[in-house]
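Here's the structure we're looking at; comments come further down.
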There are 2 protein chains.
Amino acid sequence: MSSEKSPLSPRIDKTGNIDILIAAAECFMEQGYHATSIDDVARRLGATKGRIYHYYRSKTELFFDVHREGMRRNFEAVTPVMKGPEPAARRLNAMFRQHALSMMENLALEAVVVQGVEMHRFGATTPEQRRTLAELMTVRNDFESLFKRVAYEGVEDGSIRTSDVSVAVKVALGAINWLSIWYRPRPAETRDDREILADKIVDSIMQGLNAPD
Amino acid sequence: MSSEKSPLSPRIDKTGNIDILIAAAECFMEQGYHATSIDDVARRLGATKGRIYHYYRSKTELFFDVHREGMRRNFEAVTPVMKGPEPAARRLNAMFRQHALSMMENLALEAVVVQGVEMHRFGATTPEQRRTLAELMTVRNDFESLFKRVAYEGVEDGSIRTSDVSVAVKVALGAINWLSIWYRPRPAETRDDREILADKIVDSIMQGLNAPD
DNA sequence: GTCTATATACTGATAGAC
DNA sequence: GTCTATCAGTATATAGAC
């Protein structure tokens, strides 16, 4: 059905497709995109292929929609804290923190987003799929630009020091995205635990490892 | 024939298998493990499957060997600079720098190593493959431990400041490993260019983004 | 809207010629 | 040591019953 205006508009939920997205995200996270069959996703849903192909014309489109939902949540987490009267360094700090928390709390979706980055490697796809892929990469770049913009503000207001804003942002986001590789929630984990971890990560990013002289 | 003693011993080269490893690494980097067929690898070699299956019993073993070679080069790059009379912070600095350069100069191999991390998801494998996979993960952990050890030394000699050594090292290595996602060498790139980039990355990791008061 | 076939294509791995 | 031919297994996607 997907009438898709903006890549950020919530196009799901009402039809109950969110179940399919979550099931797909979990399968993709655990086994990777190519190793996951539509049957796997259906099995996790407690259904059969028929249901999935009723909503999605292809496995690729399903992947794309998971990716979209993951990015939507990324923006949702970060944009509320990026503006304000504080020095840019403090706002950037908050953005990293929010992004890290979003990674932890939407682990499956975000793991797929991370996979998606390495998936300009979609080899042979239809022209339409190519366009969608380009669109997703644009959204990713826009997300990165959010951080760059605030980082530049910080260079100007003197709250941020770096030899290269673009590299510094890539380093910071890489560190956070890497969570999708090593972070797995412990059985009785609370929101507090995640916030403590997020703070440690952001502290590493903002303060670095060198002891002050 | 792979007689394999240590995961780090150079078991290749002489038979010319290194060609197969490189071709496989490039395919895996561009399309991912599952999307790459043995025919793809053979085509890149300018040969057919027969040649590959003469040296490797399965696609999985081929992947494992690429991973091994990538990790071997990682150790090779980092271990020479990890000991010495300097404060631990300086040695850690050098280790990160070497690792970043190794990522850039062995891009295909290292991209496969990065994929390998997310590949405890090998689903159904033979017991032997499970053992190999566990071995590879051990090697990865040992590599990370190299950095942790020096970071702890830094905490003790006062040259390093962090709220959590383990997290800080994961953050730093994540940032560097993320290179495999976004770094692609420009056409006329020189060693100097790579060193400049590596220095910027290491600067970000060690100094952080906050301006000194 | 969901399920059960089924068509079609591809891929990992093997056997045997050269 | 490399190639050709081929088998068996599996996956995407479709068609049609319910």
Side-chain angles (χ1 to χ4, degrees), chain A residues 1-2 11-24 27-28 30-66 115 119 121-130 132-133, chain B residues 1-2 11-25 27-28 30-66 112 115 119 121-130 132-133:
Chain A
M1 293 284 89
S2 65
R11 314 166 25 256
I12 3 151
D13 301 327
K14 40 201 82 168
T15 49
N17 282 19
I18 191 70
D19 294 337
I20 299 181
L21 286 190
I22 300 295
C27 289
F28 292 157
E30 288 171 13
Q31 323 181 45
Y33 172 77
H34 287 285
T36 298
S37 70
I38 299 284
D39 282 315
D40 290 335
V41 179
R43 202 174 306 123
R44 182 168 296 237
L45 263 172
T48 63
K49 290 197 248 261
R51 178 155 162 209
I52 294 169
Y53 277 108
H54 181 71
Y55 294 100
Y56 293 97
R57 264 181 307 194
S58 70
K59 184 181 167 185
T60 315
E61 280 196 16
L62 176 56
F63 178 87
F64 288 157
D65 236 28
V66 173
Q115 274 183 68
M119 272 211 182
R121 341 148 152 164
F122 248 101
T125 38
T126 68
E128 191 200 339
Q129 288 174 343
R130 264 177 216 288
T132 307
L133 202 56
Chain B
M1 294 289 89
S2 62
R11 316 168 22 258
I12 2 151
D13 300 329
K14 41 201 82 169
T15 49
N17 281 18
I18 191 71
D19 294 336
I20 299 181
L21 287 190
I22 300 295
C27 290
F28 292 156
E30 287 170 15
Q31 324 180 45
Y33 172 78
H34 287 285
T36 298
S37 69
I38 298 285
D39 283 315
D40 290 336
V41 179
R43 202 174 306 122
R44 183 168 294 238
L45 264 171
T48 62
K49 289 199 246 258
R51 178 154 162 208
I52 294 169
Y53 277 108
H54 181 70
Y55 294 99
Y56 292 97
R57 265 182 306 195
S58 71
K59 185 181 168 185
T60 314
E61 281 197 15
L62 176 56
F63 178 87
F64 288 157
D65 236 28
V66 173
V112 174
Q115 275 183 66
M119 271 210 182
R121 343 150 150 160
F122 248 102
T125 39
T126 69
E128 190 199 340
Q129 288 174 343
R130 264 177 217 288
T132 306
L133 201 55

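A quick note: this is a predicted structure, and the numbers were derived from the prediction, not measured. The figures that follow rest on heavy atoms only: side chains count, while hydrogens, waters and symmetry mates do not. All chains are named by letter (A, B, ...) in the order of the sequence lines, taking the proteins before the strands, and each is independently numbered beginning at 1.
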With side-chain contact (heavy atoms from CB on, under 4.5 Å) as the criterion, how do A/Tyr33 and A/Lys59 come out once you've worked through the C-alpha distance, each side chain's angles and the decisive distance to 0.1 Å?
CA-CA 9 Å; A/Tyr33 172 77; A/Lys59 184 181 167 185; 3.7 Å; yes
Side chains of A/His34 and A/Gln115: does their closest heavy-atom pair fall under 4.5 Å?
no
Just the rounded figure in Å: distance from P of C/dT2 to CG of A/Asp39.
16 Å
Closest approach of B/Ala35 and B/Asp40, non-hydrogen atoms and distance?
O-OD2, 3.8 Å
Nucleotide N/O of nucleotides 13-15 of chain C paired with protein N/O under 3.5 Å:
unit_1: C/dA13; atom_1: OP2; unit_2: B/Tyr53; atom_2: OH; d: 3.1
unit_1: C/dA13; atom_1: OP2; unit_2: B/Lys59; atom_2: N; d: 2.8
unit_1: C/dA13; atom_1: N6; unit_2: B/Lys49; atom_2: NZ; d: 3.1

To the nearest Å, give me how far apart NE2 (A/His34) and C1' (C/dT11) are.
14 Å
Between D/dT2, C/dT4, D/dT12, which one does the side chain of B/Arg51 approach most closely?
D/dT2
Looking at C/dG12, I'd like to know if its phosphate oxygens (OP1 or OP2) sit under 4.0 Å from a side-chain N or O belonging to B/Tyr56.
no
note: A/Gln31, atom CD; D/dT10, atom P; distance rounded to Å ~ 14 Å
Can you name the side chain to side chain contact (heavy atoms under 4.5 Å, CB included) partners of A/Ala23, sequence neighbours left out?
A/Val41, A/Arg44, A/Leu45
Shortest non-hydrogen pair, A/Ala24 vs A/Val66, comes out as CB-CG2, 4.0 Å
Counting the atoms with a prime plus P, OP1 and OP2 as sugar-phosphate, which does A/Thr48 contact under 4.0 Å by heavy atoms, base, sugar-phosphate, or nothing?
base
Roughly, in whole Å, what's the span from CD1 in B/Ile52 to C1' in D/dC3?
13 Å
note: A/Glu61, atom CD; D/dT12, atom C1'; distance rounded to Å ~ 14 Å
Are any side-chain N or O atoms of B/Gln129 and backbone N or O atoms of B/Thr60, one a donor and one an acceptor, separated by less than 3.5 Å?
no
Rounded to the nearest Å, what distance is computed from the NE2 atom of residue A/His54 to the P atom of nucleotide D/dT14?
14 Å
